[in-house]
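Down below is the structure, laid out as structure tokens.
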Amino acid sequence: MKPIKLLIPILALCGIWSKSVNGQEAPTLNIEHVVVIGFDGLSPDGLQNAATPTFDKLMQEGAYSLHARAVLPTSSSTNWASMIMGAGPEQHGITSNAWERDNFTLPAVTQSEEFIFPTIFQLTNDQIASAEIGAIYHWGGFGRLFEKSAVDYDVSPETEDETAVLASAYIKNKNPKLTFVHFDHVDHAGHEYGHGTPKYYKSVEKADGLLKQLLQAITASGLEDKTLIIVSADHGGLGKGHGGESLKEIEIPFIVWGKGVKKNHKINLPVYQYDNAATVAFALGLKTPYPGSENPYSRLLKVMKLKMTICFLSS
């Protein structure tokens, strides 16, 4: 069975589109590298109530939503999978943190060669010759969610500080095509002290410092003008937990920064967890094959074209 991959170009919502002379939308991208930075358990509330100059800078210089939505259930495995697979749990089958490749309830609708729903790592590896791809993730459980053969640098550091150091060195030394960086310490603070507490906000402020380190590494690499940065989270939280259906648990930040991104642009249209991988695919010019015209995704594609037009006219 061939993988079914859906491209929903959220970059279009961020203003990285222009109209050609004949009135048709056309991409004006010059993106050669993408860095996705995910903070486990980072809620919009955290960004609004903690001191976060680096996050604020990215939002002022890019496009963002503080009302993007995670998928249900708001568990880590389900949402990190949706982020890198560009699909919801009803498609990829990862419905809880108990999921394993040999222990699951709902089978994926399609599989890569490593028996999981195809990820953006596999798509990039398949289509871009000799592409350098890296995954640096603080939470070891993330490592079971992607194809090991598609990634050149695969490491799970013990701390958030080590994660930032290794990711920064990797970006500067390898100039990767696609880098995914995962930090877990904010989620730890949420579980231990509770979301919305002073110590939770302190963990968000540390996240801001770690984000600054990564941005400095991207600048030092000399590729800043050709790099798209996406910053997001898997879920928010309520009290000392998450997994439910409240807005505090389901709403997440989504920030896009890079050359050509509309500045200080609040994305008012819906953004979903699975739009992340689609944005990466769009930025790198990856092809995402569709089955025939009767495919149920066709209506979604029409809706996305309408969103592009609205975004352009409102700029």
Side-chain angles (χ1 to χ4, degrees), residues 9-18 27-39 42 47 52-65 83-84 120-121 124 128-137 151-153 155 157 160-183 205-233 253-267 275-286 315:
I10 286 296
L11 282 182
L13 307 184
C14 303
I16 314 184
W17 278 71
S18 66
T28 56
L29 302 179
N30 186 28
I31 296 169
E32 297 181 9
H33 310 270
V34 175
V35 180
V36 180
I37 307 168
F39 292 91
L42 177 62
L47 296 184
T52 54
T54 309
F55 284 103
D56 295 343
K57 180 178 183 290
L58 288 187
M59 289 189 282
Q60 291 166 3
E61 297 179 358
Y64 67 94
S65 172
M83 183 186 291
I84 63 175
I120 191 63
F121 302 125
T124 304
I128 301 179
S130 302
E132 177 74 25
I133 301 170
I136 305 95
Y137 45 97
V151 173
D152 301 289
Y153 185 62
V155 60
E160 64 270 20
D161 298 286
E162 186 183 1
T163 299
V165 169
L166 292 179
S168 296
Y170 175 66
I171 291 169
K172 288 187 288 187
N173 295 332
K174 291 294 186 178
N175 296 336
K177 178 67 67 175
L178 173 60
T179 309
F180 191 99
V181 187
H182 166 280
F183 292 100
E205 291 172 1
K206 182 170 187 180
D208 192 83
L210 297 170
L211 176 61
K212 184 177 181 179
Q213 287 185 48
L214 295 181
L215 297 184
Q216 290 172 336
I218 293 169
T219 299
S221 72
L223 302 175
E224 184 177 25
D225 287 343
K226 297 181 180 180
T227 298
L228 183 79
I229 298 171
I230 303 173
V231 180
S232 193
F254 181 84
I255 305 169
V256 184
W257 181 94
K259 185 177 182 179
V261 178
K262 191 180 297 183
K263 294 183 181 297
N264 197 27
H265 177 62
K266 182 179 180 180
I267 305 171
D275 291 333
N276 202 308
T279 303
V280 176
F282 182 71
L284 295 179
L286 304 179
S315 64

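Below, each value reflects all heavy atoms present in this structure, side chains not excepted, and no hydrogens, waters or symmetry copies.
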Next on the checklist: So F121 and L178, do their side chains get closer than 4.5 Å, heavy atoms only?
Outcome noted: yes
Checklist entry - Is there side-chain contact between E32 and L223, with at least one heavy-atom pair below 4.5 Å? => result no
Next on the checklist: Less than 4.5 Å apart, side chain to side chain, heavy atoms only: is that true for L210 and T163?
Outcome noted: no
Item to check | Chi angles and distances behind the salt bridge (Lys or Arg N to Asp or Glu O under 4.0 Å) call for D152, K174 | outcome: CA-CA 10 Å; D152 301 289; K174 291 294 186 178; over 6 Å; no
Item to check | Under the side-chain hydrogen bond (donor to acceptor under 3.5 Å, both in side chains) test, residues paired with D225 that sit two or more places apart | outcome: none
Item to check | Closest heavy-atom pair and its distance - V231, I229 | outcome: CG2-CG2, 3.9 Å
Item to check | Nearest heavy-atom neighbours spanning L214 and F183 | outcome: CD1-CE1, 3.8 Å
Item to check | Distance (rounded to the nearest 0.5 Å) between I133 CD1 and K177 NZ | outcome: 10.0 Å
Checklist entry - Taking side chain as C-beta onward, heavy atoms only, is K266 less than 4.5 Å from Y64? => result yes
Next on the checklist: For a quick test of reading the model, state the closest non-hydrogen atom pair linking K172 to A217 and the distance between them.
Outcome noted: CG-O, 3.4 Å
Item to check | Separation between CG of L284 and CD1 of I128, rounded to the nearest 0.5 Å | outcome: 5.0 Å
Checklist outcome for this item: side chain to side chain contact (heavy atoms under 4.5 Å, CB included) test vs I37 passes for just one of L211, I230, I136, T179, namely L211
Checklist entry - Centres of the F55 and F39 rings: under 6.0 Å? => result yes
Next on the checklist: Counting C-beta onward and ignoring hydrogens, is there a side-chain heavy-atom pair between F254 and N276 closer than 4.5 Å?
Outcome noted: yes
Next on the checklist: Looking at every heavy atom in both L228 and T279, which two are closest together, and how far apart are they?
Outcome noted: CD2-CG2, 4.4 Å
Checklist entry - How long is the span from the CD atom in Q213 to the CD1 atom in I171, to the nearest 0.5 Å? => result 11.0 Å
Next on the checklist: Please find the pair of heavy atoms, one from E61 and one from W257, that lie closest to each other, and give the distance.
Outcome noted: OE1-NE1, 3.0 Å
Item to check | Gap separating the NZ atom of K259 from the OG1 atom of T227, nearest 0.5 angstrom | outcome: 11.5 Å
Next on the checklist: Contact between M83 and S232 at the side-chain level, heavy atoms closer than 4.5 Å - yes or no?
Outcome noted: yes
Checklist outcome for this item: OG (S221) and CD (Q216) are apart, to the nearest 0.5 Å, by 12.0 Å
Checklist entry - Can we say K206 and E160 salt-bridge, meaning some charged N sits less than 4.0 Å from an Asp/Glu carboxylate O? => result yes
Checklist entry - Within a reach of under 6.0 Å around NZ of K212, are more than 12 heavy atoms found that belong to other residues, nucleotides or ligands? => result no
Item to check | Y153 side chain near P176 side chain, heavy-atom distance below 4.5 Å | outcome: no
Checklist outcome for this item: Smallest heavy-atom separation, P253 atom then L47 atom, equals CB-CD1, 3.7 Å
Item to check | Spacing of L58 atom CG and T54 atom OG1 [to the nearest 0.5 Å] | outcome: 7.5 Å
